[in-house]
Amino acid sequence: MLAGRAPPGAAGRCRRFLAAGLRPLLCGLLPPPCWATARRSAGQWPSPGLRVPEAAEAERLVQQLQRPDVSLRRFIACPRLARTVQRCLQGGAGPGPQPVLLECAPGPGILTRTLLNAGVRVVALENNSAFLPNLQSLENSLDGQLKVIYGDFFRLDPLVSGTVKPPAMCSDKLFETMGVAAVPWRADVPLKVFGILPQRKERVTLWRLLFALYECSSIYRCGRVELNIFISEKEYKVLTAKPGEARAYQALTVLWQVGCEIQLLHMEPWSSFVTNLKNGGLAIPKTRWLPNDHLCLVRLTPQQNLFTGALKPTNSATFIFMVKQCLVKPKSKLTDRLNSWSLDNGGKLLRALEIPKNAQTRNLYPEDYRRLFEVLQNSSVFTETWFHDEVLESIRNINL
């Protein structure tokens, strides 16, 4: 026998099988594979090797399932784009268990299968019942890696009285079904969300999510939920605008930049997506002032320090109202706005904040608005007599 050679017999064959990477062949001979259980508990799932349909096949499915009563939707049907999105969603993930990914309106499931093949645990929230059988069949073929729920993410927590009828649903019911528990605000991200914002309600959806963020309501009730969403290039330019940029720098800009870290993950031409339009058109929204040639995959991660200092969920509506009032007329002077709130010491406040007396509201940085709000909150002469419930309600429902 050569020196160093493993002795013949079962033990030697087992070692050679393991060295060759053929561990699965021994599953019938050895005790239950604790390594698989460990991977599941750590959030690392074995790749099922699912077949990803071709783009043409997915497009046919979308066109077959179109319904005239369904608003315009966009779907990922290109396997290349699905792989790009999957890499973006998994990019930067650290070691340890990863949060579950809530995929909104997966449709034909091209991205769903790509994510599953990459070992991601997915909850698919689909609002078109025609897509459900295919997704549920996929769910049944897997060992808990995919969960399919009938519902509409963009109709969570509707402002209606009485029973909520599907596909609308309440966020607490969704979290219960998903098994997602609430964590403190400064903890790690408990949930990741991916979706394509509805085109006709894009601005409305951004405002709804914004109010939920600052009030820690709806999806943010469980913590700093990370949004990974495709939005139009026009809205992306608004969210990331700089002070002084005409038309782009708005209240929405200030509030999202104060509330979240905004990261551009990918830009994709509109033509890469499939729509449910009968004529197969793209229906790209026109714009005169801002570029709009792409859909932008943007990551919105709430700031850990959002509610440190004077800003709290209980007074965040006041902050939103203040920013909106300041930017109603972007060319107006901040001192004029302060005077309209019956503040006699507006000049003193601006000097304390090192803001020029003649500064226009569109020239203030988002952090300037937050500092102004905190100074006003801590000021003994400041009262919210100008801020009535009916005004708040009108502001909350603006564009909704």
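Not measured: the values here are computed from a predicted model. Because only heavy atoms are used, hydrogens play no part in the values below, and waters and symmetry mates are left out as well, while side chains stay in. Positions are given from 1, in the same order as the sequence printed here.
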Chemist: Might you point out which heavy atoms bring A77 and A58 nearest each other, and give the distance in Å?
Modeler: CB-CB, 3.8 Å
Chemist: With distance as the sole test, does W185 use its side chain to make a donor-acceptor pair with the main-chain N or O of Q303 at under 3.5 Å?
Modeler: yes
Chemist: Answer yes or no: are there more than 12 heavy-atom neighbours, outside D293 itself, under 6.0 Å from its atom CG?
Modeler: yes
Chemist: Enumerate the salt bridge (charged side-chain N to carboxylate O under 4.0 Å, His left out) contacts for residues 231-248, please, sequence neighbours excluded, ordered by first and then second residue.
Modeler: R203-E235
Chemist: Could you name each residue pair satisfying ring-ring contact (aromatic ring centres under 6.0 Å, His included) that touches residues 99-144, not counting sequence neighbours?
Modeler: F75-F131
Chemist: For a 4.5 angstrom cut-off between non-hydrogen side-chain atoms, does C88 reach R299?
Modeler: no
Chemist: Looking at every non-hydrogen atom in both residues, tell me the closest pair between L334 and C326 and how far apart they are.
Modeler: CD1-SG, 4.0 Å
Chemist: Show your working on side-chain contact (heavy atoms from CB on, under 4.5 Å) between Q98 and V120 and close with a plain yes or no.
Modeler: CA-CA 8 Å; Q98 299 301 314; V120 180; over 6 Å; no
Chemist: Can you check whether R74 reaches L295 side chain to side chain, under 4.5 Å on heavy atoms?
Modeler: yes
Chemist: Within this structure, what is the NZ-CG distance for the pair K333 and L350, rounded to the nearest 0.5 Å?
Modeler: 11.5 Å
Chemist: Is atom OH of Y365 surrounded by more than 12 heavy atoms (other residues, nucleotides or ligands) closer than 6.0 Å?
Modeler: no
Chemist: Is there a donor-acceptor pair closer than 3.5 Å between any side-chain N or O of N117 and the backbone N or O of L50?
Modeler: yes
Chemist: Can you list every ring-ring contact (aromatic ring centres under 6.0 Å, His included) pair that touches residues 267-305, not counting sequence neighbours?
Modeler: F230-F273
Chemist: Donor-acceptor pair, distance only, cut-off 3.5 Å: does the side chain of Y220 make one with the backbone of F211?
Modeler: no
Chemist: Any side-chain heavy-atom pair from C170 and D157 closer than 4.5 angstrom?
Modeler: yes
Chemist: My understanding is that only residues two or more places apart in sequence, or in another chain, count here; which of them pass side chain to side chain contact (heavy atoms under 4.5 Å, CB included) with S272?
Modeler: R80, L81, E268, P269
Chemist: Any side-chain heavy-atom pair from L376 and M322 closer than 4.5 angstrom?
Modeler: yes
Chemist: Just verifying a value: how many Å separate L227 CG and C260 SG, rounded to the nearest 0.5 Å?
Modeler: 7.0 Å
Chemist: Measure the shortest side-chain to side-chain distance between L102 and I219 over non-hydrogen atoms and say whether it is less than 4.5 angstrom.
Modeler: no
Chemist: Please answer: with hydrophobic residues joined when any side-chain heavy atoms are less than 4.5 Å apart, are L265 and I196 in the same cluster?
Modeler: yes
Chemist: With rounding to the nearest 0.5 angstrom, report the CG to CG distance, L116 to L101.
Modeler: 10.0 Å
Chemist: In terms of relative ring orientation, are Y214 and F307 parallel, tilted or perpendicular, with 30° and 60° separating the classes?
Modeler: perpendicular
Chemist: To the closest 0.5 Å, what do you measure between CG (D188) and CD (E226)?
Modeler: 11.0 Å
Chemist: Applying side-chain contact (heavy atoms from CB on, under 4.5 Å), run through L213 and L300 and close with a yes or a no.
Modeler: CA-CA 11 Å; L213 169 66; L300 301 171; over 6 Å; no
Chemist: Which pairs count as ring-ring contact (aromatic ring centres under 6.0 Å, His included) when at least one residue sits in residues 106-130, sequence neighbours excluded?
Modeler: none
Chemist: Identify the two heavy atoms, one from T253 and one from V238, that lie closest to each other, and give their separation to 0.1 Å.
Modeler: OG1-O, 2.6 Å
Chemist: Establish whether V52 and V122 are linked, either directly or via other cluster members, by ILVMFWY side-chain heavy-atom contacts under 4.5 Å.
Modeler: no
Chemist: I need the single residue from N127, L277, T275 that forms a side chain to side chain contact (heavy atoms under 4.5 Å, CB included) with R73. Which is it?
Modeler: N127
Chemist: I'd like to know whether NZ of K312 has more than 12 heavy-atom contacts from other residues, nucleotides or ligands below 6.0 angstrom.
Modeler: yes
Chemist: So with a 6.0 Å cut-off around CD of E57, is the heavy-atom count from everything else above 12?
Modeler: yes
Chemist: Output yes when a side-chain donor or acceptor of R51 lies under 3.5 Å from a complementary backbone atom of R113, and no otherwise.
Modeler: no
Chemist: If you take all heavy atoms of Q360 and L364, which pair is closest and at what distance?
Modeler: O-CD1, 3.4 Å
Chemist: Hey, are the side chains of R208 and L159 touching, using non-hydrogen atoms and a 4.5 Å cut-off?
Modeler: yes
Chemist: Would L264 end up clustered with L197 when hydrophobic side chains under 4.5 Å apart are linked, directly or stepwise?
Modeler: yes
Chemist: Verify, without hydrogens or angle tests, whether S137 (side chain) and N134 (backbone) share a donor-acceptor contact under 3.5 angstrom.
Modeler: no
Chemist: Going by heavy atoms in the side chains, are V323 and F373 under 4.5 Å from each other?
Modeler: no
Chemist: Grab the two heavy atoms, one from T361 and one from K329, that are nearest each other, plus how far apart they are.
Modeler: OG1-O, 3.3 Å
Chemist: Please enumerate all residues that pass salt bridge (charged side-chain N to carboxylate O under 4.0 Å, His left out) together with R371, with sequence neighbours excluded.
Modeler: D368
Chemist: State whether the number of non-hydrogen atoms from other residues, nucleotides or ligands found under 6.0 Å of R87 atom CZ is greater than 12.
Modeler: yes
Chemist: Grouping I, L, V, M, F, W and Y whenever their side-chain heavy atoms are under 4.5 Å apart, do I262 and M267 come out in a common cluster?
Modeler: yes
Chemist: Could you tell me whether the side chain of N292 and the main chain of I284 form a donor-acceptor pair under 3.5 Å?
Modeler: no
Chemist: How close do E139 and K147 get, counting heavy atoms only, and between which atoms?
Modeler: OE2-CA, 3.6 Å
Chemist: Please check if I110 and V274 belong to a single hydrophobic cluster, counting links between Ile, Leu, Val, Met, Phe, Trp and Tyr side chain heavy atoms closer than 4.5 Å.
Modeler: no
Chemist: Mind checking whether N276 and L72 have side chains closer than 4.5 Å, heavy atoms only?
Modeler: yes
Chemist: Looking at Q86 and L111, would you say the former's side chain and the latter's main chain have a donor-acceptor pair under 3.5 Å?
Modeler: no
Chemist: Under 3.5 Å, side chain of Q304 to main-chain N/O of R186, donor-acceptor pair present?
Modeler: yes
Chemist: Counting only N and O atoms by type, is there a donor-acceptor contact under 3.5 Å from the side chain of Q325 to the main-chain atoms of R337?
Modeler: no
